[in-house]
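Report on the following structure.
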Amino acid sequence: QYAQSPRLLAQAPFWLHLTELPAASIPVDSWEGPNDEASAAELRAILDGAEVAALLRDVHAAYGTDVNDLLLSALALTLAPWMRRDASAPLPNWAQGNGAGQAALVLPVTMEGHGREDVFDDVDLSRTVGWFTSLYPLYLQINPADLAPERLGHLVRGVKEQRRAVPQNGFGFGLLRYLSLDPAVEPLRRLAMPAISFNYLGQFDVTGQQTTVQPAPEPADPERGPANLRSHLLDLSAAVVDGRLQLTWRYSRNRHTADTVRRLADAYLAHLRALIAHCLHPEAVGYTPSDFQEAGLSQDELDAILAEIN
């Protein structure tokens with residue numbers, strides 16, 4: 001019923017706009033063999049110590065961000081020099097004052113979320129167990145100028161604005177794509193999902209906690225059959241476990257070599273550390289229009305007001 005509701009259909013223009021955007025593509029090392037579960041491999045990188053504590057708490061005072069904003073900003077910095085720049089689009093409104101005359105690099109990412117959105121007033125999700133996974137495409141439009149080290153603040157704020165613009169945390173995309181009967185959303189059924197997926201699973205800290213259920217120390221058996229085809233070329237998942245940020249890159253040996261994925265993982269950690277250091281700097285501060293939604297300001301107007309106040 002909700003999939004046919006006017007409330008959901010009002011989100012359609014946001015998602016249909018994605019069908020008009022060209023997107024950069026992921027290079028591959030080989031096309032030998034299928035992108036299947038039998039060829040899948042994992043590479044793990046770790047961030048620990050004070051940097052993890054800062055990522056979870058201190059860094060967000062600078063730009064009003066959350067963990068996902070910083071993790072996605074690091075992903076943009078990692079992918080931009082690597083992905084084929086065969087796609088560009090006009091700069092979005094939030095970036096107009098930061099790079100006049102330039103085109104945005106469009107970096108597509110499949111976002112995975114928990115799907116536990118407050119859609120209905122009479123549904124109590126606290127009495128459920130399991131994942132209500134939602135998948136949706138996020139087309140990060142990056143101003144190339146913001147990839148420079150001295151413009152990390154602009155990059156972070158841009159990623160933050162684009163994430164906040166996604167209606168209902170992406171919950172409605174799958175409903176429109178698979179359940180809506182409105183012919184206007186037909187292009188969404190043909191939209192190819194981005195080749196890289198991202199999922200921040202949150203914190204799984206159990207140190208010092210007296211809980212009934214603990215993570216098993218041994219690795220789990222495979223969750224999918226070896227003949228199953230993988231949905232993406234690269235899957236990046238992140239989780240904080242016992243105070244350490246675990247970054248798991250999953251790939252197919254038939255598409256990418258371990259050296260390629262290791263270079264991506266190392267670059268990602270370096271960019272994430274640079275972003276953490278930047279956001280901890282006393283001069284790193286900035287607001288975006290979504291911080292003052294009722295004011296209806298553009299980024300240029302907001303910057304002018306803040307400059308006047310300062």
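Partner of F173 under the ring-ring contact (aromatic ring centres under 6.0 Å, His included) criterion, out of W15, F14, Y136: W15 alone.
Listed for the R255 side chain is a donor-acceptor partner under 3.5 Å among the backbone atoms of G33. Using modelled atom types, one side-chain atom of R177 and one backbone atom of L188 make a donor-acceptor pair closer than 3.5 Å. Proximity of a side-chain donor or acceptor of T78 to a complementary backbone N or O of A74 within less than 3.5 Å is detected. In terms of modelled atom types and a separation under 3.5 Å, the side chain of Q162 and the main chain of G158 share a donor-acceptor contact. In terms of modelled atom types and a separation under 3.5 Å, the side chain of T248 and the main chain of R44 share no donor-acceptor contact. Although no hydrogens or angles enter the test, the distance criterion places no donor-acceptor pair under 3.5 Å between the side chain of H60 and the main chain of A54. A side-chain donor-acceptor contact under 3.5 Å links N254 to the backbone of P34.
Ring geometry for W249 versus Y268: interplanar angle over 60°, hence perpendicular rather than tilted (30 to 60°).
By the 4.5 Å heavy-atom criterion applied to side chains, V185 and L9 are counted as neighbours. Looking at E112 and T133, their side chains come closer than 4.5 Å, going by heavy atoms from C-beta outward. The shortest side-chain heavy-atom distance between L72 and M111 falls under the 4.5 Å cut-off. Considering only heavy atoms from C-beta on, L21 comes within 4.5 Å of Q141 through its side chain. Within the 4.5 Å cutoff, side-chain heavy atoms of D36 are placed close to those of S39. Proximity of V156 to V159: side-chain heavy atoms (C-beta onward) are nowhere separated by under 4.5 Å. L275 is not listed as a side-chain neighbour of V59, based on a closest heavy-atom distance of 4.5 Å or more. Residues R273 and L47 meet the side-chain proximity criterion, which asks for heavy atoms closer than 4.5 Å.
For the atom pair N35 CG and S30 OG, the distance stands at 11.0 Å (nearest 0.5 Å). With rounding to the nearest 0.5 angstrom, the CG atom of N143 is 9.0 Å from the NE2 atom of H154. For the atom pair CG (D29) and OH (Y251), the distance works out to 10.0 Å, reported to the nearest 0.5 Å. To the nearest 0.5 angstrom, R163 atom CZ is 4.5 Å from N68 atom CG. Separating the OH atom in Y200 from the CG atom in L236 is a distance of 12.5 Å, to the nearest 0.5 Å. Residue K160 holds its NZ atom at 11.5 Å from CG of L70, rounded to the nearest 0.5 Å.
Other residues, nucleotides and ligands contribute over 12 non-hydrogen atoms within 6.0 Å of the CD atom of E218. Residue E223 places its CD atom among 12 or fewer non-hydrogen atoms of other residues, nucleotides or ligands, all under 6.0 Å distant.
A single hydrophobic cluster is seen to contain both I196 and W31, as judged by linkage of ILVMFWY side chains at heavy-atom distances under 4.5 Å, directly or through other members. A single hydrophobic cluster is seen to contain both I305 and F292, as judged by linkage of ILVMFWY side chains at heavy-atom distances under 4.5 Å, directly or through other members. A continuous path of Ile, Leu, Val, Met, Phe, Trp and Tyr side chains, each step under 4.5 Å between heavy atoms, connects L179 with L8, placing both in one hydrophobic cluster. Residues L191 and L181 do not share a hydrophobic cluster, defined by chaining ILVMFWY side chains whose heavy atoms lie under 4.5 Å apart.
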For this session: Verify side chain to side chain contact (heavy atoms under 4.5 Å, CB included) between R230 and S252, making sure each step is shown before the conclusion.
Result: CA-CA 8 Å; R230 301 176 63 249; S252 168; 3.8 Å; yes

For this session: For L140 and L75, run side chain to side chain contact (heavy atoms under 4.5 Å, CB included): C-alpha distance rounded to whole Å, both residues' side-chain angles, the deciding distance at 0.1 Å, then the answer.
Result: CA-CA 10 Å; L140 290 174; L75 187 61; over 6 Å; no

For this session: Go through N199 and S237 one step at a time and tell me if the side-chain hydrogen bond (donor to acceptor under 3.5 Å, both in side chains) criterion holds.
Result: CA-CA 5 Å; N199 187 11; S237 62; over 6 Å; no

Exercise. Do L176 and L16 pass the side chain to side chain contact (heavy atoms under 4.5 Å, CB included) test, and can you show the C-alpha distance, the side-chain angles, and the key distance before you say yes or no?
Worked result: CA-CA 10 Å; L176 288 169; L16 288 170; over 6 Å; no

Problem set entry | Test log, rule side chain to side chain contact (heavy atoms under 4.5 Å, CB included), inputs L264 and H256 | CA-CA 11 Å; L264 290 173; H256 294 103; over 6 Å; no

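The salt bridge (charged side-chain N to carboxylate O under 4.0 Å, His left out) search around R250 returns E37, E42, not counting sequence neighbours.
Of all heavy-atom pairs between A76 and L147, the closest is O-CD2, 4.4 Å. Residues R164 and S290 approach most closely at NH1-OG, 2.9 Å, considering heavy atoms. Looking at every heavy atom in both residues, I46 comes nearest to L269 through O-CD1, 3.8 Å. Across P81 and L77, no two heavy atoms sit closer than the pair CD-O, 3.1 Å. Closest approach of R253 and A40 over heavy atoms only: NH1-O, 3.3 Å. Minimum interatomic distance between S73 and L155 (heavy atoms only, all atoms of both residues): O-CD2, 3.8 Å.
Taking the six-membered ring for Trp and the full ring otherwise, H271 and W82 have centroids separated by 6.0 Å or more.
Salt bridge absent: D259 and R263 never bring a charged side-chain N and a carboxylate O closer than 4.0 Å.
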